[in-house]
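Written out below as structure tokens is the structure these notes cover.
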2 protein chains.
Amino acid sequence: MSEKRHHKITIAEVAKRAGVSTATAGRALGGYGYSRQEIKDKVRKAADELGYRPNLLARGLITGKTKTIGVVAGDIQSPFYASILRGVADVTRAAGFGILLTNSDERLDREIEAVQLLREKQVDGLIVAPSDLSGSPHLHEALRDGCPVVLIDRRVRNLAADTVSVDNRAASRECIDHLIELGHRRIGLVAELEHWDSDGVPAFLHAVESGSLDSTTLFPSWQRLYGYVEALSDAGLAVDPDLIGRVGIYSAEGARRETLRLLELQDRPTALFTADGLMSAAAMDAIASLDLHIPGDLSLVCFDDLDWMSFIRPGITAIAQPLIEMGEAAARLMLSRIEGDETEPQLLALKPRFAARGSVAAPGSA
Amino acid sequence: MSEKRHHKITIAEVAKRAGVSTATAGRALGGYGYSRQEIKDKVRKAADELGYRPNLLARGLITGKTKTIGVVAGDIQSPFYASILRGVADVTRAAGFGILLTNSDERLDREIEAVQLLREKQVDGLIVAPSDLSGSPHLHEALRDGCPVVLIDRRVRNLAADTVSVDNRAASRECIDHLIELGHRRIGLVAELEHWDSDGVPAFLHAVESGSLDSTTLFPSWQRLYGYVEALSDAGLAVDPDLIGRVGIYSAEGARRETLRLLELQDRPTALFTADGLMSAAAMDAIASLDLHIPGDLSLVCFDDLDWMSFIRPGITAIAQPLIEMGEAAARLMLSRIEGDETEPQLLALKPRFAARGSVAAPGSA
DNA sequence: TTGTATGCGTTATCAT
DNA sequence: ATGATAACGCATACAA
């Protein structure tokens, strides 16, 4: 009641009230070193009476550990990152860690700036959805300085960091295989397909053909295109570049436009594969605006399972990444590194779940 | 290149290399106090060569400011909190602040634990979606200790904290008015309606009637019920308790069940009002499972505008809270408090946007 | 088991 | 304008 306003209680005041030294008080409260039960009780009582709260800055300064991990997400507003973050937060909270969150908007400059700030705040580790898959000196530097890095969703070439993702190529393949089995021959794809150092889709197709590509250090949308191409090729079907909708800049409007282009082709595809949540939503919009009926006029399979896909009619067949589990896994890897685990970097590919619903039928079954 | 691994450069080493004292080096780098341009350049050069990065823990320890704000969200996975957080993050980042994020799952114990951790980490302020609207001593205490608190979505009675929300009661009223104007007389409501100190809905209706209720310190779902009741009463319509679907525990399954109960009533409502995003999704699911047609068999208006509401057919009429703006406003209020603004606490009610789409029609227009 | 003294990396105070 | 030195609040080596 009568405490002076704004005055923060330090361990020294607790010590004085308990009649011991600050060192003893610290040991009694901090749970390190030795101290008698009797003393412990006395100190704890004094601390309670004073309303003592440790200053974690001071502790961190001396221990070199902040029990805080930094997270660089693309955009926390997207269900993708929100779910991953939920998983991260659950695991870290249970371990007494806090999380410092930043958005990069998938931009390298933002990511660099964020990593810098987080490191200055002395986070114990960094969980990052990297924007640059080939260079990223800021991440190499973090690792070199002993700051563990765990990557999510995609891998950085030559960076010895744990990575948590799914096998996008295989998952995408599974979707396309499913459509092919049902008899589809013209399958459209709508994907972001930004960030590729060569000359776009034709060059990419060439690289796939020549087998010279390490698909694990591609951005997910390219990995998914890879699976698409592979599925078609293995089925002896030609890849029609016209059916590949490359949205480029990541936007709903772009995705809508690209979907419309595909659906207004003379020889319209009988099925559509959308490579992520934003693409799916935009594609739905485009499909509705053309008054096409699913699955009668068009079959649809989506990468990423969004809540509405299960309750609209017909339900939308989708492949679901285990997002929360990915976040949890990333956090667990991080905690283990922080505890000193020096083993080889892990490349964790969690298994996506295929949710068959009503948006897929044999072609021409209207 | 030849730096020792794992060694962190301190200001003392920069000072030595630049041939000045640590105090001078600090002033040159930290932008406080006085120093000649010539010295500034020399020090900055030394810092760059050494790769110096300030340790923000040490700075925070002495300045008493961490440039970090703590956020206690209900569940970051929900689009509601994710969007608000996006707004918060944008504004704080621009001001050079970091955000420490926690989830409370709308549980008081979690919130208290979170606030404690955040305060021990010495955050400069707390943005909280409070779980307890009448007591919350932990928030009073923060305020007393000079740690600014900004509330989002709901207000704590007698807590002198800035609050950012929408006028849920008026917004809800607007939705119900719209339905009444179209001729609906039996309008169902599906809402969480947990957390109420009295004996549930009947007691609440009684309190509303007697006008003894301060609707601004109710949980949003109760405020929305308030608007519902008000709209009906003002139109001279009786409130049928049977049409009030109280889900209780916040779950999709509960909401689905309660929706089914309403829709299987002998005298089925002609319109449904869902009081938040989760309720809306669950209601859609229930409606689909009964093969009811919107808006022919049933009109639907939803509180909270989710992405799918605009692209499914028919589109779902909804009232949209300006979530990002709410987050931005909360962050701006916080920054202003941190800068020392001591004026009266603000109660900011942003204006929701009514999105009329295709899920509403006159009753019996099937 | 406890106390003393020192250090963590900064900024703040006060001479000069 | 600059430098020596004392904080900040805690943990840790070492002595007792």
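Basis for what follows: all heavy atoms, side chains included, without hydrogens, waters or symmetry-related copies. Lettering of chains follows the sequences in order, A, B, ..., and the numbering in each one begins at 1.
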Exercise for the section: Identify which nucleotide among D/dT2, C/dT2, C/dT11 has an atom closest to any side-chain atom of B/I62, counting heavy atoms from C-beta outward. Expected result: C/dT11

Handout entry: Whole-Å gap separating P (C/dT10) and CD1 (B/I11)
Key = 5 Å

Practice task
Please determine which of A/L100, A/T68, A/T66 meets the side-chain contact (heavy atoms from CB on, under 4.5 Å) test together with A/K121.
Solution key: A/L100

Handout entry: Contact under 4.0 Å: A/R36 side-chain N or O vs C/dT2 OP1/OP2
Key = yes

Handout entry: Euclidean distance, atom NZ of residue A/K65 to atom C1' of D/dA11 [Å, nearest integer]
Key = 15 Å

Exercise for the section: Using whole Å, report how far CG of B/L61 lies from P of D/dG9. Expected result: 7 Å

Problem - Donor-acceptor pair (no angle test) under 3.5 Å: B/R27 side chain, D/dG3 base - result: yes

Practice task
Check whether more than 12 heavy atoms from other residues, nucleotides or ligands sit under 6.0 Å from atom CG of B/D41, and answer yes or no.
Solution key: yes

Handout entry: Separation of atom CD1 in A/I39 from atom C1' in C/dT2, rounded to whole Å
Key = 8 Å

Practice task
State whether a side-chain donor-acceptor pair under 3.5 Å links A/T92 with A/D90.
Solution key: no

Problem - Nucleotide D/dA11, atom C1' - distance to OH of A/Y52 in whole Å - result: 11 Å

Exercise for the section: Using only side-chain N and O atoms of B/S21, determine if any of them is under 4.0 Å from OP1 or OP2 of D/dG3. Expected result: yes

Problem - Nearest to side-chain heavy atoms of B/N55, which nucleotide of D/dG3, C/dG9, C/dT2 - result: C/dG9

Practice task
Starting at atom CZ of B/R59, determine the distance to atom P of C/dA12, rounded to an integer number of angstrom.
Solution key: 10 Å

Completion exercise
Separation of D/dG9 atom C1' from B/L57 atom CG, nearest Å, is 12 Å

Exercise for the section: Rounded to the nearest angstrom, tell me the gap between atom OH in A/Y32 and atom P in C/dG3. Expected result: 13 Å

